[in-house]
Peer 1: 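After the C-alpha cells below, expect a handful of questions from me.
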Number of protein chains: 2
Amino acid sequence: MPGSDSARKLTPREFKRMKILRAAIEVFARDGYFSARMTDIAKAADVADGTLYLYFDGKEHLLLSVFDDALERFIDQLKREMKRLDDPLDKLKVMVRLHLEALGRDRALAHVLQIETRHSRKFMQLLSRGKLGEYLSLLNDIVKEGQDSGDFRGDVNTGLATNVIFGAVDELVNRWLLADEPGDLSQYQGPLLKMLCQGIVPCEFHEGAPG
Amino acid sequence: MPGSDSARKLTPREFKRMKILRAAIEVFARDGYFSARMTDIAKAADVADGTLYLYFDGKEHLLLSVFDDALERFIDQLKREMKRLDDPLDKLKVMVRLHLEALGRDRALAHVLQIETRHSRKFMQLLSRGKLGEYLSLLNDIVKEGQDSGDFRGDVNTGLATNVIFGAVDELVNRWLLADEPGDLSQYQGPLLKMLCQGIVPCEFHEGAPG
DNA sequence: TCCAGATGAATGAACGCTCATTCATAGTTT
DNA sequence: AAACTATGAATGAGCGTTCATTCATCTGGA
C-alpha cells in the first residue's frame, strides 16, 4: 500500500516513481545491491527495463533515491513531533520510538537502509553528509539540550553520547533484521531507553572516570 | 607487518597464504568487495591470478577467510586475557580495550570487517553463527556474570545490554572509519565505558521503567 | 462525432564491457 | 624425469545501459 503520506494526490508520474522505488526496495533487500539486477527491479515494478532510466539516472542513483526519500520522510515527521515537546528525555523517547517503529513497520526498507547503503566508504560518506548527517545532528541537539538543562549528565562527551545512542539503536535493528523469527521491533523501546539512561552499573558503585 | 602472532615459524605455504589474505584486506578495503577485482588482489600479493585459486576457492571464500582468520586470532587473545581476570567490570574494560586496539591498529582490516562483510543478509547470517557469534557470546557471558555477582544491574535484559554494548563499540569504530582525520581509536575507551556504566541520566533522577 | 496527424512515454532486444575463473604452458624442487 | 607449484592470457557468462520502434493519448479541423 503506497497510500496516504502527505494526504496529497499523486500525479501519474509521481505514482510510477514511487512504484519503482518500492520495487527497488524489495529487490535490493532480497538480493543485495550488487547482486540485484535492474531487469528484476523493472519486473517487480511492472515496468520495462528502459523505463527505469526515464525516472532515475542509473542503478546507483536509484539506491541513493531510496535512501533519501525514506530519510526525508522520517526527518520531517521527527521535526514535527519535536515541536510539541520540551523535556529532552521525552524528545529522546519519541525519537527512539519513531526510529524503531518506522523500521519495524518495513523490514525490506530497514534492510536497504541498514545493510545495502553501507557498501563503500565513499558511498557512506555521501550519506553521512546528507540526510543521515541531518538525523545525527538532530539527535546530537537533543543530547546537548539535555546536558545544558541538567537533565542529562554533563560529564560525558556529547558526540560520544550521540554515538552510543545511535549505535545501540542501530545494532538493535540489525539484530532484528538477522533474527529468524523477528517479533515486534518497538517492544524494545522501553528497556533500551532504561539502559541508555541508567547504564549497567548500579548507582552506588559509580566513581570517577574508569580506566 | 605480518609479524609475530603465535611466535611460530610459518611454512612457505602459510606465508604466501597470509600474503594473499593481507592483499585481499587492502584491496577489499580500498575498492569494496564487489568492485574489487581478483586481478588486483593478485597484483597486490605479488602473485599470479591463478595462484589465488590454489589457496582459496574463489572470491567469496577469500572474503570469508579474511573474516575468520582475523576473528579467530582476536578471540584467542581475548580468551587468554580473560583467564587472568575475575572482576566482570575489569573483563568488560579489557574486552572493549582489545576491540578498539585491534581495529585501531589496522584500518583496512577494520573496514573489511565493519563494512564489506555486511553485504547480504545470507552472508551476515553465516558470520553471525560463526566466529562473530562466538564473540558476542563471550560478551554476553561477561554481562551475565556481572549481573549474577551484583556488579551490574540485574534489571536490564542481558541480551539487550550485550546488544547495546556491542552496538556502541561498533558504531564508534564506524565513525572512526568515516572520519577524515581519524586519530587514535582507543582514546575513547575510557569515556565509552563510563557512559555504558553510568548512562546519560544522573542517578538522582532514576525512576522505574520509562515509557 | 469522427478521423489524420503529432507527441512523447514506454518498450525490450541487442550492445559492449567487465571480470571471475580456467588451463595449457613454464618453472622449480627432489 | 617426475611431481609439484606458479603463471597469465584466453574464455565466456552476466548485466548495466542504450535506442530504434511501438503505442496510447491528445489536438484540431471538417
Side-chain angles (χ1 to χ4, degrees), chain A residues 2 9-68 112 115-117 119-120 122-123 126, chain B residues 2 9-68 112 115-117 119-120 122-123 126:
Chain A
K9 267 256 184 79
L10 295 169
T11 68
R13 188 176 169 83
E14 284 173 327
F15 181 74
K16 189 163 276 191
R17 192 190 129 95
M18 278 206 39
K19 236 180 38 166
I20 294 174
L21 278 177
R22 187 66 229 169
I25 290 171
E26 303 294 345
V27 176
F28 283 151
R30 195 188 60 210
D31 301 336
Y33 172 69
F34 279 98
S35 302
R37 285 172 299 146
M38 291 298 265
T39 300
D40 288 336
I41 295 175
K43 215 161 284 165
D46 209 18
V47 139
D49 293 10
T51 307
L52 299 182
Y53 295 88
L54 300 173
Y55 287 81
F56 300 95
D57 291 340
K59 197 182 182 184
E60 190 170 2
H61 181 233
L62 187 47
L63 176 61
L64 221 129
S65 299
V66 166
F67 191 92
D68 263 20
V112 176
I115 317 262
E116 297 313 321
T117 54
H119 280 168
S120 77
K122 210 176 302 164
F123 201 79
L126 271 181
Chain B
K9 266 256 184 80
L10 297 169
T11 68
R13 188 175 168 85
E14 285 173 325
F15 181 73
K16 189 166 277 190
R17 192 190 130 95
M18 277 207 40
K19 238 181 33 168
I20 294 174
L21 279 177
R22 187 65 228 169
I25 291 171
E26 303 293 344
V27 176
F28 284 152
R30 195 189 60 210
D31 301 336
Y33 172 70
F34 279 99
S35 302
R37 286 172 299 145
M38 292 297 266
T39 300
D40 289 336
I41 295 175
K43 216 162 281 164
D46 209 18
V47 141
D49 293 9
T51 306
L52 299 182
Y53 296 87
L54 300 173
Y55 287 82
F56 300 95
D57 290 341
K59 197 182 181 183
E60 191 170 3
H61 181 233
L62 187 46
L63 177 61
L64 221 129
S65 299
V66 166
F67 192 92
D68 263 21
V112 176
I115 317 262
E116 298 312 322
T117 54
H119 281 169
S120 77
K122 210 175 302 164
F123 201 80
L126 269 182

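Quick note on labels: first sequence line is chain A, next is B, and so on, each numbered from 1.
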Peer 1: Please examine the side chains of Y33(B) and K59(B), heavy atoms only from C-beta on, and report whether any two atoms are closer than 4.5 Å.
Peer 2: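 Side chain of K59(B) against side chain of Y33(B), heavy atoms only: contact under 4.5 Å found.
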Peer 1: Find the distance D40(B):CG to dT18(C):C1' and express it as a whole number of Å.
Peer 2: 12 Å
Peer 1: Go through the steps to decide whether F67(A) and E116(A) satisfy the test side-chain contact (heavy atoms from CB on, under 4.5 Å), and finish with yes or no.
Peer 2: CA-CA 10 Å; F67(A) 191 92; E116(A) 297 313 321; over 6 Å; no
Peer 1: Tabulate atom names and distances for all N/O pairs under 3.5 angstrom spanning the protein and nucleotides 26-29 of chain C.
Peer 2:
none

Peer 1: CZ of F28(B) versus C1' of dC19(C): gap in Å, rounded?
Peer 2: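 Going from CZ in F28(B) over to C1' in dC19(C) covers 13 Å.
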Peer 1: State, with a plain yes or no, whether a side-chain heavy atom of M38(A) is found less than 4.5 Å away from one of Y53(A).
Peer 2: yes
Peer 1: K16(A) side chain to A45(A) main-chain N or O, any donor-acceptor pair under 3.5 Å?
Peer 2: no
Peer 1: Can you name the side chain to side chain donor-acceptor pair (under 3.5 Å) partners of S35(B), sequence neighbours left out?
Peer 2: none
Peer 1: Taking atom C1' of dG8(D) as reference, at what distance in whole Å does atom CD1 of I41(B) sit?
Peer 2: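 Going from I41(B) (CD1) to dG8(D) (C1'), I get 16 Å.
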Peer 1: Testing T117(B), L63(B), I115(B) one by one against F28(B) for a side-chain contact (heavy atoms from CB on, under 4.5 Å), which residue passes?
Peer 2: L63(B)
Peer 1: Answer with base, sugar-phosphate or nothing: what part of the nucleic acid does F56(A) contact at a heavy-atom distance below 4.0 Å?
Peer 2: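 Nothing, no heavy atom under 4.0 Å.
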Peer 1: Taking Y55(B) for its side chain and M18(B) for its backbone only, find out whether a donor-acceptor pair lies under 3.5 Å.
Peer 2: no
Peer 1: Testing D57(B), I41(B), V27(B) for side-chain contact (heavy atoms from CB on, under 4.5 Å) with L62(B), which one passes?
Peer 2: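 Between L62(B) and the candidates, side-chain contact (heavy atoms from CB on, under 4.5 Å) is satisfied uniquely by I41(B).
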Peer 1: In whole Å, I'd like the distance from the CZ atom of F15(A) to the P atom of dA9(C).
Peer 2: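 So the CZ-P distance, F15(A) to dA9(C), works out to 18 Å.
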Peer 1: Base, sugar-phosphate, or nothing: which does K16(B) touch, judged by heavy atoms less than 4.0 Å apart?
Peer 2: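 Touches sugar-phosphate only.
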Peer 1: Mind checking L52(A) for me? I need base, sugar-phosphate or nothing, with any heavy atom below 4.0 Å counting as a touch.
Peer 2: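 Here L52(A) touches no strand at all.
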Peer 1: If I take atom CD1 in residue I20(B) and atom P in nucleotide dA6(D), what distance separates them, rounded to the nearest angstrom?
Peer 2: 8 Å
Peer 1: Rounded to the nearest 0.5 Å, what separation is found between the CG atom of L21(A) and the CD atom of E14(A)?
Peer 2: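 L21(A) CG to E14(A) CD: 11.5 Å, rounded to 0.5 Å.
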Peer 1: Between atom CZ in R13(B) and atom C1' in dA6(D), what is the gap in whole Å?
Peer 2: 12 Å
Peer 1: Are there any protein N/O atoms within less than 3.5 Å of an N/O atom in nucleotides 14-19 of chain D, and if so, which ones and at what distance?
Peer 2:
from, atom 1, to, atom 2, distance (Å)
dG16(D), OP1, A36(A), O, 3.1
dG16(D), OP1, K59(A), NZ, 2.9
dG16(D), OP2, M38(A), N, 2.9
dT17(D), OP2, Y53(A), OH, 3.0
dT17(D), OP2, K59(A), N, 3.1

